[in-house]
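Ligands are counted one by one from 1 in listed order, and the atoms in each one are counted from 1 as well.
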Amino acid sequence: MSLKKLLIAVGITSTLITGTAYAHEDVKNEAVKARMMAMGKMGGSMKLLGGMMKGQVEFDAAQAQMAVQTIQDMAAKTPALFKMPEMDPKSEATLSIWDNYHDFVLKAQTLEQAAGAVKASITSASDLGAVMGALGKNCKSCHSNYKK
Ligand code: HEC
């Protein structure tokens, strides 16, 4: 990896980590904090893919695939992270999750499968539009139902 690439990678990573830590600092409920941090990782991965797509971040196939892997892993953890109806004043989750938990789990599994299906297709920056579309529609389908 070139120095420039490394600095960009580290810069992005540390911004995300700091951002995440601050965003969740005053969340008292540990279960809520954990699920928000998993979602934050998905958001950070999408942001990295978007940066590469727009050419703001140098394209790196391995890094892009790793970002999709992170989304896949966090989607796999989502059902367990949201199993109990935990709440916190800072949470943006809707209580309807626990009236429709089966549907919520299906949405997480659909994202997990979509990530698994597109990961290996990334060989150039021009692949990222389709990848982000395939993943993003699943974020949206869950958020529009279960996130304020
Ligand atoms: C199965 C449902 C589901 C899917 C799929 C899903 N999310 Fe979420 N997401 C939620 C819920 C619910 C919240 C609110 C959690 C809370 O505040 O307690 C949330 C919150 C977030 C947040 C805010 C986290 C914070 O710091 O408060 C981000 C960012 C996010 N999601 C990104 C994504 C991205 C990107 C994807 C797709 C790659 C995705 N999510 C897919 C349900 C989902």
query: Under 4.0 Å from any heavy atom of Cys142, which atoms of ligand 1 are there?
result: 1 (C), 2 (C), 3 (C), 4 (C), 5 (C), 42 (C), 43 (C)
message: With nothing but distance in play, are any N or O atoms of Lys90 less than 3.5 Å from an N or O of ligand 1?
response: no
message: Closer than 4.0 Å to some heavy atom of Cys139 - which atoms of ligand 1 meet that?
response: 34 (C), 35 (C), 36 (C), 37 (C), 38 (C), 39 (C), 41 (C)
- prompt: Restricting to pairs with a member in residues 106-118, which pass side chain to side chain donor-acceptor pair (under 3.5 Å), not counting sequence neighbours?
  reply: Asp103-Lys107
task: Look at atom NZ of Lys148 and say whether more than 12 heavy atoms of other residues, nucleotides or ligands are closer to it than 6.0 Å.
output: yes
message: Is it the case that ligand 1 has an N or O less than 3.5 angstrom from some N or O of Lys107?
response: no
- request: Could you list the atoms of ligand 1 found under 4.0 angstrom from a heavy atom of Ile71?
  value: 38 (C)
query: Would you say the side chain of Thr94 lies within less than 4.5 Å of the side chain of Lys147, judging by non-hydrogen atoms?
result: no
message: I'd like to know whether ligand 1 has Leu135 as a neighbour, heavy-atom separation below 4.0 Å.
response: no
task: Write down the atom of Lys119, the atom of Gln69, and the distance for their closest heavy-atom approach.
output: NZ-OE1, 2.6 Å
query: For atom 19 (C) of ligand 1, which candidate among Glu92, Gln109, Lys147 provides the closest heavy atom?
result: Lys147
- prompt: Of the backbone atoms (N, CA, C, O) and the side-chain heavy atoms from C-beta on, which set of Phe104 has a member under 4.0 Å from an atom of ligand 1: side chain, backbone, both, or neither?
  reply: both
message: Could you tell me, atom by atom, which parts of ligand 1 come under 4.0 Å of a heavy atom of Asn138?
response: 5 (C)
query: For Arg35 and Ser91, does a side-chain donor sit closer than 3.5 Å to a side-chain acceptor?
result: yes
field: 4.5 Å side-chain heavy-atom contact, Phe82 and Val105
entry: no
Ligand-side contact atoms (ligand 1) for residue partner Leu111, heavy atom cut-off under 4.0 Å: 5 (C), 37 (C), 38 (C), 41 (C)
message: Is the shortest side-chain heavy-atom distance between Phe104 and Ser96 below 4.5 Å?
response: no
query: If you look at every heavy atom in Ala93 and Ile97, which pair is closest and at what distance?
result: CB-CD1, 3.8 Å
field: Salt-bridge contact Lys28-Asp88 (side-chain N to carboxylate O under 4.0 Å)
entry: no
- prompt: Nearest heavy-atom pair of Ser121 and Asp127: which atoms, and what distance?
  reply: O-OD2, 3.2 Å
query: Counting from 1, what ligand 1 atoms have a heavy atom of Tyr146 closer than 4.0 Å?
result: 12 (C)
- request: Tell me which part of Met36 gets within contact of ligand 1: side chain, backbone, both or neither, using heavy atoms under 4.0 Å.
  value: both
query: Of Gln72, Met39, Lys33, Lys148, which has the heavy atom at the shortest distance from atom 29 (C) of ligand 1?
result: Met39
Proximal ligand 1 atoms for Ala108, defined as those under 4.0 Å from one of its heavy atoms: 1 (C)
query: Does an N or O from Arg35, backbone or side chain, lie closer than 3.5 Å to an N or O of ligand 1?
result: yes
query: Which pair of non-hydrogen atoms, one from Ala114 and one from Leu135, has the smallest distance, and what is that distance?
result: C-CD2, 4.1 Å
- prompt: Does at least one non-hydrogen atom of Ile97 fall below 4.0 angstrom from an atom of ligand 1?
  reply: yes
- prompt: Counting from 1, what ligand 1 atoms have a heavy atom of Met46 closer than 4.0 Å?
  reply: 35 (C)
query: N/O of His143 under 3.5 Å from N/O of ligand 1, yes or no?
result: yes
- line: Here the pair of heavy atoms bringing His143 nearest to Met39 is NE2-SD, 4.4 Å
- prompt: Within less than 2.8 Å of atom 8 (Fe) of ligand 1, any N, O or S from Met42?
  reply: no
